[in-house]
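Working notes, beginning with the structure itself.
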Amino acid sequence: MRRALAGIALAVTSMVALSFLIPLALLVREQARDRVTTAAEQRASALSPVLALTTRRADVQQAVAELGSADQLVVRLPDGGFVGTPHAPRDALDRAVRGRETLAVDTEDGWVYLQPVVLRGDRVAVVEAFVPAADLTRGVAASWGVMALLALGLVGGSVLVADRLGARVVRSSRSLKRASLALGSGDLDVRVEPDGPPELQEAGAAFNTMADRVVDLLAVERELVADLSHRLRTPLTALYLEADRMGATPSARRVTEAAGQLESELDSIIAAARTPLASAHLAGAGAGAAKPCDVAEVVAMRLDFWSVLAAQQGRPYERSLTPRPAPVAFPEDDLAAVVDALIGNVFRHTPEGTAFAVRVERADRHVFLTVDDAGPGVADPEAALTRGVSVGGSTGLGLDIVARAARAADGELTITRAPLGGARVRVSFVLAGAGGAEGR
């Protein structure tokens, strides 16, 4: 922007300066010429009365000397003789004598003015005033130099002012850009000092207002999430009481274990909700350096958990887990949440008795987690990946969790048609040490 403003100032000021300098330079040259030619005409006119009184050579020479222009005044006497050395062309001099007309002639040496004087007896004398070429342009070069210096000063000053103005605008813009990037990366305390033109000052004030509003909204959201999690403790306590009434049975034990896991998740949600966003962001940025976990082991563990419910609902399932190590730089709890979200969607959106399959495969740089089902499938996979508008009347939070986890691990989430006839959800993760999330 500084270069653009300086370039505009240079172009505009140069055009303005030239539009004035060119006519002014021509005017100065004409004025210098007019000054010396007018003086020459006056000298010639001053000599005319002398010729009217006498044409004696001695008297004419004395009059020329008194005018102080012996080298620039020449008189052609009526008898054809000359007082001084003539500079006028011969034909111009004859024309002035015969035609008795005043002439001004430009020659190689300068400028010549011929003024005829008619005497008694129809005699004609001619006064010649000569101006050398150097006198015609005397002082013009100096005037042009002064005008050029003034023009350069004007152009340079305008460019300097434009550059300073551009520097101020650029400085304010860069400050606003840095603050925006910092806010986007989680620094909620960043603010800008409004500076620069009024428009940028208003933009800076609007940014500060927006940042304050974001902080307020996030604080309200964290409190709402924490309060909602606290409210879930009431039905959780009811589950514990129900398990106690069931006695020491396998079902009671499973209910107690599930309630304990749910209570642990609620505690994690409350702690995360009340953690400032900046700290949460730093923790998320360091997720790439988390201790690697094996995808096949986590999937096997979560399948054991879901197998009990699958047996109760009569759901046959297949598992195919790679025997090769499949480490990913991803927290084990987050990976378990991804597996639970995928399998939970099968139980939530397909009828009881619907078969499903879970597969873990390893490639050179990626690990692929695939969940197939024999349900009705997903009519609009793109909408299913949008939080809030998912299929089956749900919030879409499950697949949103999976999609964000895949992006965090430099992978992707795809939904296609499964060989079983239903939906196939496939998630890819970059292997730990393969230049993906761990490298970040």
To the nearest 0.5 Å, what is the distance between [atom1] ([X]) and [atom2] ([Y])?
X      : Y      : atom1 : atom2 : result
Leu47  : Glu66  : CG    : CD    : 10.5 Å
Glu412 : Ser428 : CD    : OG    : 5.0 Å
Gln42  : Tyr113 : CD    : OH    : 10.5 Å

Less than 3.5 Å apart, any donor N or O on the side chain of Trp111 or Asp135 sitting next to an acceptor on the other?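 No, because no side-chain N or O of Trp111 sits under 3.5 Å from a partner of the opposite role on Asp135.
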
What is the minimum heavy-atom distance between [X] and [Y], and which atoms define it?
X      : Y      : value
Leu431 : Ala363 : CD1-O, 3.7 Å
Pro78  : Arg123 : CB-CB, 3.9 Å
Ala92  : Leu103 : O-CD1, 3.4 Å
Val127 : Val117 : CG2-CG2, 4.1 Å
Leu119 : Ala125 : CD1-CB, 4.2 Å
Phe356 : Leu303 : CE1-CD2, 4.3 Å

Cationic tip of Arg426 above Phe368 ring, under 6.0 Å, 45° of axis: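 Yes.
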
Looking at [Y] and [X], is there a salt bridge between them, counting it only when a charged N and a carboxylate O are closer than 4.0 Å?
X      : Y      : answer
Arg100 : Asp122 : yes
Arg191 : Asp212 : yes
Asp106 : Arg33  : yes
Glu297 : Arg302 : no

Using distance only, find each side-chain donor-acceptor pair of residues 4-28 under 3.5 Å and give its atom names and separation, not counting sequence neighbours.
residue: Thr13; atom: OG1; partner: Ala9; partner atom: O; Å: 2.6
residue: Thr13; atom: OG1; partner: Ser158; partner atom: OG; Å: 2.8
residue: Ser14; atom: OG; partner: Leu10; partner atom: O; Å: 2.6
residue: Ser19; atom: OG; partner: Met15; partner atom: O; Å: 3.3
residue: Ser19; atom: OG; partner: Val16; partner atom: O; Å: 2.6

Check the pair Val298 / Glu332 against side chain to side chain contact (heavy atoms under 4.5 Å, CB included), numbers first and verdict last. CA-CA 7 Å; Val298 174; Glu332 182 176 344; 3.8 Å; yes

Under the 3.5 angstrom rule, does the side chain of Arg362 hit a backbone N or O of Pro325 as a donor-acceptor pair?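 Judged by distance alone, yes, a pair lies under 3.5 Å.
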
Hey, is the main chain of Ala423 close enough, under 3.5 Å, to the side chain of Asp373 for a donor-acceptor pair?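 Checking the backbone N and O of Ala423 against the side chain of Asp373, a donor-acceptor pair under 3.5 Å is found.
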
Please determine whether side chain to side chain contact (heavy atoms under 4.5 Å, CB included) holds for the pair Glu101 and Gln115, giving the CA-CA distance in whole Å, both sets of side-chain angles, and the decisive distance to 0.1 Å. CA-CA 7 Å; Glu101 58 179 312; Gln115 181 177 336; over 6 Å; no

Residue pairs passing the ring-ring contact (aromatic ring centres under 6.0 Å, His included) test where at least one lies in residues 117-166, sequence neighbours excluded: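 Output for this query lists His87-Phe130.
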
Let me see the working for Val214 and Leu188 under side chain to side chain contact (heavy atoms under 4.5 Å, CB included), right down to the final yes or no. CA-CA 8 Å; Val214 167; Leu188 298 181; 4.3 Å; yes

Assess whether side chain to side chain contact (heavy atoms under 4.5 Å, CB included) is satisfied between Val215 and Asp189, documenting all intermediate values. CA-CA 9 Å; Val215 172; Asp189 296 328; over 6 Å; no

Just one of Asp59, Val60, Val118 clears the side chain to side chain contact (heavy atoms under 4.5 Å, CB included) bar with Leu51, so which one?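 So the option named by the test is Val60.
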
